Amino acid sequence: MIRKIGYACINLSLDCRSSRTFRLVSYSEERLAETIKGNLNCLQQILEFNLKKQIYFFRITSDLIPFASHPVNQFPWQRVFKQQFKEIGRFISSKGMRVSLHPGQFTILNSPRKEVVKNARRELIYHNQVLDLMGLNSSHKIQIHVGGVYGNKQSARLRFEKNFQCLPHSVKNRLVIENDDRSFSLADCLKTSSKLRIPIVLDSLHHSLLNEGEPLEKAFKNFVPTWSKKDGRPIVDYSEQAKNKRPGSHASELTPRLFKGFIERTRRFNFDLMLELKAKEKNAFRALKILAELSGKDRSKQSE
DNA sequence: AGTTGTCAAGCTAGT
DNA sequence: ACTAGCTTGACAACT
């Protein structure tokens, strides 16, 4: 059954953003420090909001630190904001919460271009620093896609595996791969997962768009064992196709009928669920309500 | 105050 | 050839 439920990056109920940024041309250390401070304060507010609403899973935005892996940024933000990171981390662990991070579309570890791989590496190190500074263990994950195909999926996949091996140890401990909707299916990810011994985040919408014919139940049966004890509970990304939009674009609102169907089909597995729907926390409320109705019991113990 | 062109970075597929 | 879409629009200059 679904244990923790979460949403991604933005809270629409609060009037703050933890992803404030600015243009590179207006970069200054003052501007950077001010923005980071605001972003961290907002992140704290979001987590407190979540706790009140019994939302125990959250994806932290990659924009928390603007230009974090850009060479322009030489500001020692890790040291300057050390204490605030620590407090946030303590809040997360002490309340039994879980967080994840999803580096952006530019983080391509398997690119044939050296420069792109180098940037990806820097970006992954930044994401890992955020979790390290918070003092969180390896169940708090960083998820990325395998990357581009470049005309040969096999060699593209091998390049990912090779470049992964060159990452710092602590990054490797937190990195998980997610099946995408165009290139690397769950079956592809399983090959890399078994070679590198890293877990897979199953994205339900992506799987419905790109698969090897496995029904959802079979997909779960395959991806769940890629999670070991130190990785925490398996993570699933849930979203729905937006009506009248291109395949893969995310709906705003959760459809109770579809969500109930999803719960029904996956109830024999224990996992945490990340909602990737544009209406954010509103859908998390809805999902929690539906779960409570279905199970007929209090969900306040979901973090156990 | 409201509008609009542009923004650090990559890649794919639909149009 | 262009552009929407991706985990997320928002900044900043202009009217």
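Lettering of chains follows the sequences in order, A, B, ..., and the numbering in each one begins at 1. Please read all numbers here as calculations on a predicted model, not as lab measurements.
Between the CG atom of L210(A) and the P atom of dG14(B) there is a distance of 12 Å, given to the nearest Å. As rounded to whole Å, 13 Å separates atom C1' of dA4(C) from atom CD of Q241(A). For the pair L24(A) CG and dC11(C) C1', the computed distance is 13 Å after rounding to whole Å. Between Y27(A) atom OH and dA12(C) atom P there is a gap of 14 Å when expressed in whole angstrom units. Counting to the nearest Å, the P atom of dC6(C) and the CG atom of D181(A) are 9 Å from each other. Rounded to whole angstrom, the span from the CG atom of D237(A) across to the P atom of dC6(C) amounts to 13 Å. Rounded to a whole Å, the OH atom of Y7(A) is 14 Å from the C1' atom of dT7(C). Atom NE2 of H102(A) and atom P of dT8(C) are 9 Å apart (whole Å).
Nucleic acid contact class of Q105(A) (heavy atoms, under 4.0 Å, all strands): base. Using a 4.0 Å heavy-atom criterion, one finds that G104(A) contacts the bases of the nucleic acid, with or without backbone contacts as well. Nucleic acid contact class of S111(A) (heavy atoms, under 4.0 Å, all strands): sugar-phosphate only. Among the protein residues, F67(A) comes within range of the nucleic acid bases, having at least one heavy atom under 4.0 Å from a base atom. Counting non-hydrogen atoms under 4.0 angstrom, V149(A) reaches the backbone sugars and phosphates but no base. Note on E115(A): nothing from the nucleic acid sits closer than 4.0 angstrom, heavy atoms only.
Between dC2(C) and dT6(B), the distance separating the two P atoms is 15 Å to the nearest Å. Rounded to whole Å, the separation between the P atoms of dT7(C) and dA13(B) comes to 15 Å. As rounded to the nearest Å, dC11(B) and dA10(C) have P atoms that lie 26 Å from one another. Between dC6(C) and dG5(B), the distance separating the two P atoms is 23 Å to the nearest Å.
Taking 4.0 angstrom as the limit, R31(A) places a side-chain polar atom (N or O) nearer than this to OP1 or OP2 of dA12(C). Between R23(A) and dT6(B), a side-chain N or O to OP1/OP2 separation shorter than 4.0 Å is absent. Distances shown here put every side-chain N or O of S19(A) at or beyond 4.0 Å from the OP1 or OP2 atom of dA10(C). For the OP1/OP2 pair of dT12(B) and a distance below 4.0 Å, the side-chain nitrogens and oxygens of K153(A) include no atom meeting the criterion. Between R113(A) and dG10(B) there is a side-chain N or O to OP1 or OP2 distance below 4.0 Å. H145(A) has no side-chain polar atom (N or O) that falls below the 4.0 Å cut-off from OP1 or OP2 of dT12(B). Phosphate contact (OP1/OP2 of dT7(C), side-chain N/O of H206(A), threshold under 4.0 Å): present. The phosphate of dA9(B) (OP1 or OP2) has no side-chain N or O of H70(A) nearer than 4.0 angstrom.
Remark: the backbone N or O of L258(A) is not paired with any side-chain donor or acceptor of T255(A) at under 3.5 angstrom.
Remark: ring of F106(A) overlaps the six-membered base ring of dA9(B) in a stacked fashion, centroids less than 5.5 Å apart, planes less than 30° apart.
Under the 30°/60° scheme for interplanar angles, the aromatic rings of F85(A) and W77(A) are found to be tilted.
Checking Q84(A) against N41(A) by side-chain atom types alone, a donor-acceptor pair falls below 3.5 Å.
Between P103(A) and R20(A), the residue whose closest nucleotide on DNA chain C is further toward the 5' end is P103(A). Between K280(A) and V25(A), the residue whose closest nucleotide on DNA chain C is further toward the 5' end is K280(A).
Salt-bridge annotation for E217(A) and R268(A): absent, with no side-chain N of the basic residue lying under 4.0 Å from a carboxylate O of the acidic one. Salt bridge D272(A)/R233(A): present, at least one basic N to carboxylate O contact under 4.0 Å. Between E253(A) and R286(A) there is a salt bridge, since a side-chain N of the basic residue sits under 4.0 Å from a carboxylate O of the acidic one. Looking at D231(A) and R197(A), no side-chain N of the basic residue comes within less than 4.0 Å of a carboxylate O on the acidic one, giving no salt bridge.
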With pairs defined as Watson-Crick or G-U wobble and both distances under 3.5 angstrom, please note down DNA chain B as a dot-bracket string, | for pairing with another strand. |||||||..||||||
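The side chain of I10(A) has dG9(C) as its nearest neighbour among dA12(C), dG9(C), dA8(B). When distances run from any side-chain atom of S69(A) to the nucleotides dC7(B), dA9(B), dG10(B), the shortest one goes to dA9(B). Distances were taken from every side-chain heavy atom of S26(A) (C-beta onward) to each of dA8(B), dA12(C), dT7(C); the shortest belongs to dA12(C).
Ring centers of H102(A) and H145(A): under 6.0 Å apart, within the cut-off.
Dense packing is recorded around CZ of R121(A), with more than 12 heavy atoms of other residues, nucleotides or ligands lying under 6.0 Å away. Counting non-hydrogen atoms of other residues, nucleotides and ligands closer than 6.0 Å to NZ of K153(A) gives a total above 12.
Residue R59(A) places no side-chain atom within donor-acceptor reach of the base of dT8(C), judged by atom type and a 3.5 Å distance cut-off alone.
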